[in-house]
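Here the structure is laid out as structure tokens; the discussion comes afterwards.
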Amino acid sequence: MNKKQKKMLIRILISAALLIALSFAPVTGIARFVLYLVPYLIIGYDILLKAFKGIKNRQMFDENFLMAVATVGAIAIALYEQSGDYTEAIAVMLFYQIGELFQSYAVGKSRRNISELMDIRPDYANVEQDGKLEKVDPDEVEIGSVIVVQPGEKVPIDGVILEGSSTLNTSALTGESIPREAAAGDEIISGCINMTGLLKVKTTKEFGESTVSRILDLVENASSRKSRSEEFISRFARIYTPAVCYAALALAFLPPLVRMIGMGLAADWDIWIYRALTFLVISCPCALVISIPLSFFAGIGGASNAGVLVKGSNYLETLSQTKIVVFDKTGTLTRGVFEVNGIHHNEMEDEKLIEYAALAESASSHPISRSIQKAYGKEIDRSRVTDIREISGNGVLAKVDGHEVAAGNDKLMERLGIEYIGCHLVGTIIHVAVDGTYAGHIVISDVLKPHSKEAVRELKTAGVQKTVMLTGDIRRVAEQVAGELGLDAVYSELLPADKVEKVEALLASKPEKEKLAFVGDGINDAPVLGRADIGIAMGAMGSDAAIEAADVVLMDDDPMKISKAIKISRKCLRIVYQNIVFAIGVKLICLLLGALGIANMWLAIFADVGVMIIAVLNAIRALFVKNL
Ligand code: ADP
Ligand code: MG
């Protein structure tokens with residue numbers, strides 16, 4: 001709990017304690033009124049102030065206004081009738097504030113979870129000092145410093161390119177899937193990924209002012225991304241609240257006037273004003289206004305406890321309508337930790353082949369590169385490698401000890417016009433060519449994540465109709481994996497841009513109401529994460545770009561969490577609809593009874609506070625997602 005929430009909790013406790021104590025106090029008359037005013041003002045002063053400000057700015061019809069008018073009205077009735085029954089006005093305020101507090105607590109909790117995940121990501125800037133690269137906290141880099149961004153790294157701070165040229169992946173920032181070329185003199189914004197060349201950048205902003213920091217803020221404010229249900233409620237409240245106020249006014253004045261002028265009867269002002277106020281007390285839409293966002297926050301909170309970060313309630317809503325799930329292979333369904341199965345070569349020794357490959361791969365962040373470096377097992381002397389270029393979906397090119405080394409798949413060899421030899425082993429094949437001649441290949445293979453098969457099966461029970469895998473890997477490997485997992489469709493040998501195209505085709509071929517989710521690790525698939533109806537990223541091994549581009553982040557990379565997330569979202573949406581129907585239904589019935597004079601203040605209390613408590617309790621159910 002933060003300071004503000006603690007303060008509110010104290011206000012609630014004091015006010016509630018006073019209210020209970022006063023119910024035993026035998027005071028009457030004006031003394032009673034003054035005594036009751038104390039807990040009322042303690043709990044409600046800010047609402048009264050906001051309502052007053054609203055009136056002053058002529059934007060008065062919000063829930064603060066209704067709360068203020070309703071409670072002041074209830075107190076006025078008690079005063080007029082000399083009943084001394086001020087409890088309900090205070091109780092209404094009290095429960096309203098409890099709802100608000102609970103809500104802000106739930107928001108804060110899910111926000112913190114998201115920012116914690118972001119915090120554990122390595123965020124550094126490379127600063128060149130005495131010919132050596134040093135990693136420093138980007139917060140410490142002053143404006144005008146020169147930083148070095150290697151291929152595969154995220155640009156940490158906004159700036160201008162001094163030296164080098166490269167292709168930038170800006171999809172995490174703009175959702176734009178087309179890579180951007182950048183060269184000396186161009187501006188560069190933080191958060192995009194440097195894909196190919198080494199860049200020297202002169203910073204033009206501080207880290208805190210840079211694009212990436214601003215985006216992090218955005219992510220942390222998941223609460224501001226409203227779902228359609230929430231928007232419906234605020235639209236509803238915008239029409240409903242003034243309508244109710246005018247109806248109450250009409251109820252107070254029209255019937256007495258008609259009786260007096262039209263029928264020549266006694267006006268009975270007191271009866272009708274009483275009914276109008278009852279009507280107002282009943283009418284407060286707080287059950288809806290509180291419980292709908294609260295249900296979403298509880299859902300987001302429950303999901304984050306389960307290791308699933310959802311960046312906004314709109315995504316929870318979309319997730320609940322997911323009918324197609326598209327997977328990336330490497331790092332998503334497979335562990336992305338490759339073992340070397342075989343090394344085949346012409347004249348070169350095994351060790352030399354691996355060494356060249358590992359050195360050429362030294363700047364890549366692809367799982368394949370990490371695995372080859374691991375297989376090499378020795379310290380990598382970066383000074384032996386220059387001119388590194390990574391071609392996504394193909395492989396890498398680099399100069400090692402002055403030799404042109406190429407390491408990658410069939411496509412890369414074809415691109416370079418180098419004849420290669422296929423392999424009898426099933427696996428991902430990394431061909432290596434040195435100075436334009438084929439040197440041999442390394443066969444590596446990946447294993448499925450332990451829960452992948454179950455995860456795919458569980459998706460079907462969660463109502464997903466179609467599962468698809470997209471991969472840049474070769475067909476044999478792709479089909480083997482897809483067969484083992486029982487996926488409905490598989491597309492292989494795709495470049496990052498082809499993946500976007502495939503997803504776009506899938507999006508176009510389905511009805512609007514059925515949503516498509518893409519699950520990936522962000523390596524060569526960040527653009528797709530942004531393009532799908534909902535992007536789900538692997539949080540632990542996934543790239544920074546993935547976490548930023550995604551709408552949902554799985555903290556432990558377990559694909560089982562996908563069906564879990566869908567089930568959580570379904571439960572949450574079910575609760576939202578229950579609350580909408582229940583609250584509006586009860587309200588309408590009570591309003592009718594109130595207008596007819598059948599409903600008294602007690603029914604009003606039930607309609608107002610009772611419905612709210614029930615709806616809030618129902619909303620809190622969304623937090624409990626363990627057994628889904
Ligand atoms: P996936 O779709 O399975 O996640 P990617 O699109 O990341 O796969 O990569 C597709 C293929 O491109 C890999 O199977 C590999 O053959 C080749 N490739 C990509 N990056 C590299 C690299 N750094 N080194 C060697 N090969 C690479
Ligand atoms: Mg991948």
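Given the structure is predicted, the values throughout are model-derived calculations rather than measurements. Along the sequence shown, the residues carry numbers beginning at 1. Each ligand, and each atom within it, is numbered from 1 in the order the structure gives.
- Taking the side chain as every heavy atom from C-beta outward, Leu168 and Ile193 never approach each other to under 4.5 Å.
- Atoms of ligand 1 lying under 4.0 Å from any heavy atom of Glu390, numbered from 1 in the order shown and given with element: 23 (N).
- Distances from atom 18 (N) of ligand 1 to the heavy atoms of Asn394, Ile444, Asp498, Ile391 put Asn394 nearest.
- Proximity to His366 (heavy-atom distance under 4.0 Å) selects the following atoms of ligand 1: 5 (P), 7 (O), 9 (O), 19 (C), 20 (N), 23 (N).
- Side-chain atoms of Thr332 and Asp521 include no donor-acceptor pair closer than 3.5 Å.
- No hydrogens or angles considered: nothing links the side chains of Glu390 and Thr196 as a donor-acceptor pair under 3.5 Å.
- Heavy atoms of Lys411 found under 4.0 angstrom from ligand 1: none, in either backbone or side chain.
- His431 has its ring centre no less than 6.0 Å from the ring centre of His344.
- Centroid-to-centroid, the aromatic rings of Tyr420 and His441 stay 6.0 Å apart or farther.
- For Lys352 and Tyr356, the positive end sits near the middle of the six-membered ring, less than 6.0 Å away and at most 45° from its axis.
- Here Asp328 has side-chain heavy atoms under 4.0 Å from ligand 1, and that is the only part of it that gets that close.
- Only side-chain heavy atoms of Thr428 come within less than 4.0 Å of ligand 1; its backbone N, CA, C and O stay farther off.
- The backbone and the side chain of Thr471 each have at least one atom closer than 4.0 Å to an atom of ligand 1 (non-hydrogen atoms only).
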